[in-house]
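First up is the structure itself, then whatever we jot down about it.
Convention: sequence-line order gives letters A, B, ...; per-chain numbering from 1.
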Amino acid sequence: MDKHYDAKAAEAKWYPFWENNGCFHDEPGSGEKYSVVIPPPNVTGILHMGHALNQTIQDILVRWRRMQGKNTLWLPGTDHAGIATQNVVEKALKKEGKRRQDLGREAFLDRVWEWKKQYGGTIVHQQRMLGNSTDWARERFTFDEGCSKAVIKVFKQLFDEGLIYKGNYIVNWCPRCGTALANDEVEHEPNHGHFWYVRYPVVDSDKGVNGQPYKDYVMVATTRPETLPGDTAVAVNPKDERYAHLLGKKVILPLTGRQIPVIADDYVDREFGTGIVKITPAHDPNDFLVGKRHALEEINIMNGDGTMNELAGQKYVGMDRFKCREAIVADLEAGGYLDHIEDLDNQVGHCYRCHEVVESRLSKQWFVKMEPLAKPAIEAVKSGEVKFVPERWSKIYFNWMENIQDWCISRQLWWGHRIPAYTLREDVGIGEAKVKGEEELVFVAESAEEALEQAKAKTGNASLTLADLEQDPDVLDTWFSSWLWPFSTLGWPEKTKDLEYYYPTSDLVTAQDIIFFWVARMMMAGIHFMGKPPFKNIVIHGIVRAADGSKMSKSKGNSLDPLELIDMYSADALRFSIALITSLDCDTKVNKEKFEIGRNFTTKIWNAARFLEMNTPAEGFGEISGELTADEKHILLATDKACKKLQSILENYRIQDGALAVYDFFWTQICDWYVEYAKDAPNKTRAFAILRDVFYKALRLLHPYMPFVTEEVAHQLGYLKDGQSIMRETYPLGYCEEEKAKWGLTEEIYDFVEKKREAITALRALRAEYKVTPATFVNVTIATDDVRASGEVDSLKKAMRAANVEFVSSGSDLPMPSKMTKFGTVYLSLEGLVDKAAESKRIATELQKLAGFIKSSEAKLANENFVAHAPEAVVAEARRKLEENKEKVAQLEKLAKLFA
RNA sequence: GGGCUAUUAGCUCAGUUGGUUAGAGCGCUUCCUUGACAUGGAAGAGGUCAGUGGUUCGAAUCCACUAUAGCCCACCA
């Protein structure tokens with residue numbers, strides 16, 4: 001083996017090997033299955049730390065289950081990401097000086113597909129760098145043919161069930177993207193704004209003054225004066241006596257001269273502002289609802305691009321909304337309507353994609369009725385059929401689901417699944433065929449032909465042709481395809497073998513930030529269309545944050561690039577480190593240095609492997625035979641324990657604990673203790689034969705965390721032949737009862753060796769305390785009655801660097817520095833010089849500390865309740881401890897005299 | 001305003017149903033390179049577990065309140 005591990009070479013070698021040899025692939029079988037669908041990253045995306053965490057967790061689970069022998073499928077794919085992708089292509093077009101409108105819909109979509117072909121594979125390649133064992137043969141795209149078919153079918157079914165409707169609604173509108181946004185696509189951010197106090201004259205023709213039909217004003221405060229031309233009322237709280245006299249009167253809308261009513265509505269907060277609100281139904285969601293209640297006119301004064309239209313008044317037409325705000329404020333001031341301006345901190349919504357300030361806008365949109373879908377999805381979690389890991393996320397889920405609102409699914413984009421709804425062209429003239437009470441004839445169908453048949457039937461006009469139909473120009477929200485991901489990717493609506501075998505999937509692993517966007521909606525879709533929730537467990541992990549706890553973002557320059565970390569430290573290092581430092585329960589703060597843990601561990605594994613190789617005879621090892629030493633038994637037991645521990649840890653998704661356990665097992669148990677023992681073992685060949693066995697178990701335990709180095713080492717050490725892969729080896733379960741009996745592996749032996757190590761550590765500490773150089777061989781005496789101790793003289797001498805190790809009975813009391821251990825009291829014979837004063841002082845401190853312990857244990861044991869209620873073992877332990885401490889005190893006091 | 005979570009060593013975090021003198025990694029201190037590995041080894045210092053009160057024989061752990069921080073949802077015109 002080379003002196004240094006070449007991670008890059010191993011990664012370049014093994015990933016293609018796995019992929020080309022079908023190591024990631026799975027087909028429906030007859031046994032137990034484990035299936036996971038990846039949260040599809042945006043096709044425009046590049047790999048970030050969030051993906052690295054998310055996918056490392058999944059790959060650990062997937063590789064582990066696969067090694068358990070389950071039929072394991074991890075299905076990869078990407079999301080077409082409507083707005084994001086369209087934006088990217090539009091940006092590219094802009095460089096050519098073109099807009100998408102210049103190309104037209106068809107040509108623009110061709111451009112997007114072209115872009116996807118060229119650049120859409122980026123993240124998919126990057127995922128390979130991580131070592132993801134996804135079944136690439138099954139890679140899917142939310143906008144591929146199969147997924148699109150599923151989307152259309154779902155739309156039609158929901159429409160037929162009355163769960164999809166079209167409505168004139170106030171929606172969040174991004175003027176830059178030119179599309180509606182769902183509520184959760186709007187990010188509210190604090191804003192330092194202003195509160196403009198505006199006087200609206202009260203119409204009071206009887207009492208007019210100076211020839212004007214009014215004599216006083218009402219004071220209205222607004223943060224968005226540009227919407228003023230769209231006002232159709234002012235409202236006060238019905239219980240507000242201050243303004244009771246105004247009810248039923250009208251006020252004059254400044255700058256327009258329009259008269260609008262004063263109405264009463266509970267929505268108005270008496271305490272806020274002036275207690276009088278201008279109502280602009282077309283430009284504010286609350287005002288919209290007020291308008292509905294009072295049958296107010298809805299005046300839309302803004303264009304889709306955020307400029308004002310003619311309804312805003314001639315003067316403002318074509319003006320940008322913020323320019324218009326300034327203009328209107330100036331005009332109000334000039335007209336004497338502006339009373340004063342106050343600073344106001346409020347929240348303003350921004351587009352989650354482009355960060356533009358979002359407008360509320362009245363428009364025709366498609367909606368899904370969510371409540372009927374949510375109910376069974378709530379039940380599935382309440383009943384325990386689907387579990388959140390950690391469990392607490394179910395509370396968040398319930399909170400959202402129980403207050404669910406209808407989902408606006410139409411987007412005014414071109415890139416996405418076009419809404420399968422058709423209307424008759426205006427010039428066709430529905431004429432007498434127009435069905436009573438319907439504003440608009442809409443035909444929802446899986447194809448234009450089907451829609452045509454519907455149109456013919458409904459209108460009775462058999463001569464209609466496809467040319468008479470117009471498809472809704474809007475596309476569907478990207479999540480409308482993502483929510484079908486767990487079954488659309490398995491072939492739905494066809495009844496495929498894959499669907500039957502792999503659905504429902506086993507685990508879904510995702511970050512907390514898309515529980516609503518995605519997880520909850522998948523639950524609803526899975527139950528509604530498949531009759532079963534789409535997964536058994538929802539594993540939620542935190543978000544990767546920068547070292548200071550802030551969110552990573554490119555603009556802040558505080559983000560880490562996983563690819564850079566892979567380049568610097570290796571993929572295994574990235575994976576292991578992130579697994580080790582991430583707890584499922586909270587967000588993870590990372591900095592570059594943390595990834596050294598994984599890099600160092602990789603080096604340690606490599607070097608240990610090299611050492612094993614050096615000590616492997618050319619002819620190999622035979623059977624492990626003869627009476628094993630205590631240390632040999634110990635490592636076998638430690639291995640057994642590690643295997644069992646990993647098993648239960650991974651069953652419970654405790655990825656971090658698993659990393660810690662395997663790290664400790666490998667580093668502490670194997671390298672620090674057992675390898676040190678093996679170097680000087682009485683039967684070196686056997687000691688290394690055991691190491692060889694243990695080492696391979698360790699490699700397999702590690703494999704899900706560090707796939708590359710474990711594969712490389714397994715081959716280097718000859719555990720596997722060419723063409724084989726550790727991926728397909730079994731995950732070790734530990735040693736069977738037969739082996740344990742054969743080798744004499746008992747808990748007593750394990751504990752005995754643990755105690756022996758305690759004695760060794762104690763002696764080393766004594767050496768350090770008394771500044772005994774490593775080159776000095778010391779004389780050690782151990783006071784113990786353990787009959788097994790004498791068998792350990794040689795190993796103790798080596799570990800303690802002792803010229804002699806003697807045993808005396810446990811009652812003995814020697815005038816030498818000592819430490820108490822469970823093995824016995826360890827005495828170090830001091831032949832060299834010792835700083836008596838310093839030693840005396842140290843002893844005094846130690847005595848003080850012990851006195852405290854003794855006091856508290858005596859108090860505890862004197863407590864009748866403790867003795868009566870605590871388990872026997874606990875009481876016995878307390879007694880033992882007390883005795884031990886008392887003994888220590890006696891020792892120290894003796895020693896103190898020695899140094900006095 | 002509604003909900004959720006956190007607060008343990010200088011830093012980042014473990015601590016599984018309450019039970020020995022609360023742990024790990026990094027950092028720090030001392031010592032150690034012909035040794036598989038200095039990306040290493042040995043030893044060590046460092047914590048009244050945010051605060052107050054309660055339950056209990058016993059609390060980092062359970063309960064209540066307070067403080068601080070963070071997240072999510074809804075929002076003030």
Identify, with sequence neighbours excluded, every residue that meets salt bridge (charged side-chain N to carboxylate O under 4.0 Å, His left out) alongside [X].
{"X": "A:Asp287", "value": "none"}
{"X": "A:Asp567", "value": "A:Lys8"}
{"X": "A:Arg321", "value": "A:Glu356, A:Glu359"}
{"X": "A:Glu613", "value": "none"}

Please measure how far the P atom in B:rU48 lies from the corresponding atom in B:rG41, and state the result in whole Å.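 One P to the other, the span is 30 Å.
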For nucleotides B:rG23 and B:rA9, find the distance between their P atoms and express it as a whole number of Å.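 So the two P atoms sit 14 Å from each other.
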Set out, in order, the CA-CA distance, both residues' side-chain angles and the distance that settles salt bridge (Lys or Arg N to Asp or Glu O under 4.0 Å) for A:Lys798 and A:Asp680, then state yes or no. CA-CA 8 Å; A:Lys798 275 161 192 154; A:Asp680 295 310; 5.3 Å; no
Strictly under 3.5 Å: I want the nitrogen or oxygen pairs between protein and nucleotides 4-6 of chain B, one per line.
residue : atom : partner  : partner atom : Å
B:rU5   : OP1  : A:Lys395 : NZ           : 3.3

Contacts of type side chain to side chain donor-acceptor pair (under 3.5 Å), residue A:Gln656, not counting sequence neighbours: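 For A:Gln656, no residue satisfies side chain to side chain donor-acceptor pair (under 3.5 Å) once neighbours in sequence are set aside.
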Going by the rule side chain to side chain donor-acceptor pair (under 3.5 Å), which residues pair with A:Tyr197 if we only count those two or more places apart in sequence or in a different chain?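 A:Tyr197: side chain to side chain donor-acceptor pair (under 3.5 Å) contacts with A:Glu342.
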Scan nucleotides 23-39 of chain B nucleotide by nucleotide, 5' to 3', and note B when protein non-hydrogen atoms come under 4.0 Å of the base, S if they reach only the sugar-phosphate, - if neither. --S----------BB-B
Give one of base, sugar-phosphate or nothing for [X], where a contact means two heavy atoms less than 4.0 Å apart.
{"X": "A:Gly349", "result": "nothing"}
{"X": "A:Ala221", "result": "base"}
{"X": "A:Arg801", "result": "nothing"}
{"X": "A:Asn652", "result": "nothing"}
{"X": "A:Thr761", "result": "sugar-phosphate"}

State which of B:rG3, B:rC71, B:rC13 makes the closest approach to the side chain of A:Asn399.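 The answer is B:rG3, which lies nearest to the side chain.
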Let's see if you can work this out: which of B:rU12, B:rC73, B:rA42 has an atom nearest to the side-chain heavy atoms of A:Lys589?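 Among B:rU12, B:rC73, B:rA42, the one nearest the side chain of A:Lys589 is B:rU12.
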Holding to ring-ring contact (aromatic ring centres under 6.0 Å, His included), I want the full list of residues that pass it with A:Phe695, two or more places apart in sequence or in another chain.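 Once residues adjacent in sequence are excluded, the partners of A:Phe695 under the ring-ring contact (aromatic ring centres under 6.0 Å, His included) criterion are A:Phe666.
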Would you classify B:rU8 as syn or anti? Syn applies when the glycosidic angle is within 90° of 0.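 B:rU8: anti glycosidic orientation.
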Side chains of residues 572-581 of chain A: which donor-acceptor pairs under 3.5 Å do they make with residues two or more places apart or in other chains?
residue  : atom : partner  : partner atom : Å
A:Asp572 : OD1  : A:Phe708 : N            : 3.2
A:Asp572 : OD2  : A:Phe708 : N            : 3.3
A:Asp572 : OD2  : A:Val709 : N            : 2.6
A:Arg575 : NE   : A:Tyr705 : O            : 3.2
A:Arg575 : NH1  : A:Asp59  : OD2          : 2.7
A:Arg575 : NH1  : A:Leu130 : O            : 3.0
A:Arg575 : NH2  : A:Asp59  : OD2          : 2.9
A:Arg575 : NH2  : A:Pro704 : O            : 2.8
A:Ser577 : OG   : A:Ala573 : O            : 2.7
A:Ser577 : OG   : A:Phe595 : O            : 3.4
A:Ser577 : OG   : A:Gly598 : N            : 3.0

Could you pick out which residue, A:Arg654 or A:Asn286, lies toward the 5' side of RNA chain B when each is mapped onto its nearest nucleotide?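 Looking at the nearest nucleotide for each, A:Arg654 comes out on the 5' side.
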For A:Ala768 and for A:Val268, find the nucleotide of RNA chain B with the closest heavy atom, then tell me which residue's nucleotide is more 5'.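 Closer to the 5' end of RNA chain B: A:Ala768.
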Taking NZ, NE, NH1 and NH2 as the nitrogens, is one of them in A:Arg199 or A:Asp339 under 4.0 Å from a carboxylate oxygen of the other?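 A:Asp339 and A:Arg199: salt-bridged.
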Residues 388-395 of chain A side chain polar contacts: donor-acceptor under 3.5 Å, at least two apart:
residue  : atom : partner  : partner atom : Å
A:Glu391 : OE2  : A:Ser394 : OG           : 3.1
A:Arg392 : NH2  : A:Asp585 : O            : 2.6
A:Ser394 : OG   : A:Glu391 : O            : 2.7

How does RNA chain B read in dot-bracket, base by base from 5' to 3', with Watson-Crick or G-U pairs under 3.5 Å and | used when the partner is on another strand? (((((((..((((.....[...)))).(((((.......))))).....(((((..]....))))))))))))....
Cation-aromatic face contact A:Lys592/A:Tyr569, 6.0 Å, 45 degrees: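 Cation-pi check for A:Lys592 and A:Tyr569: fails.
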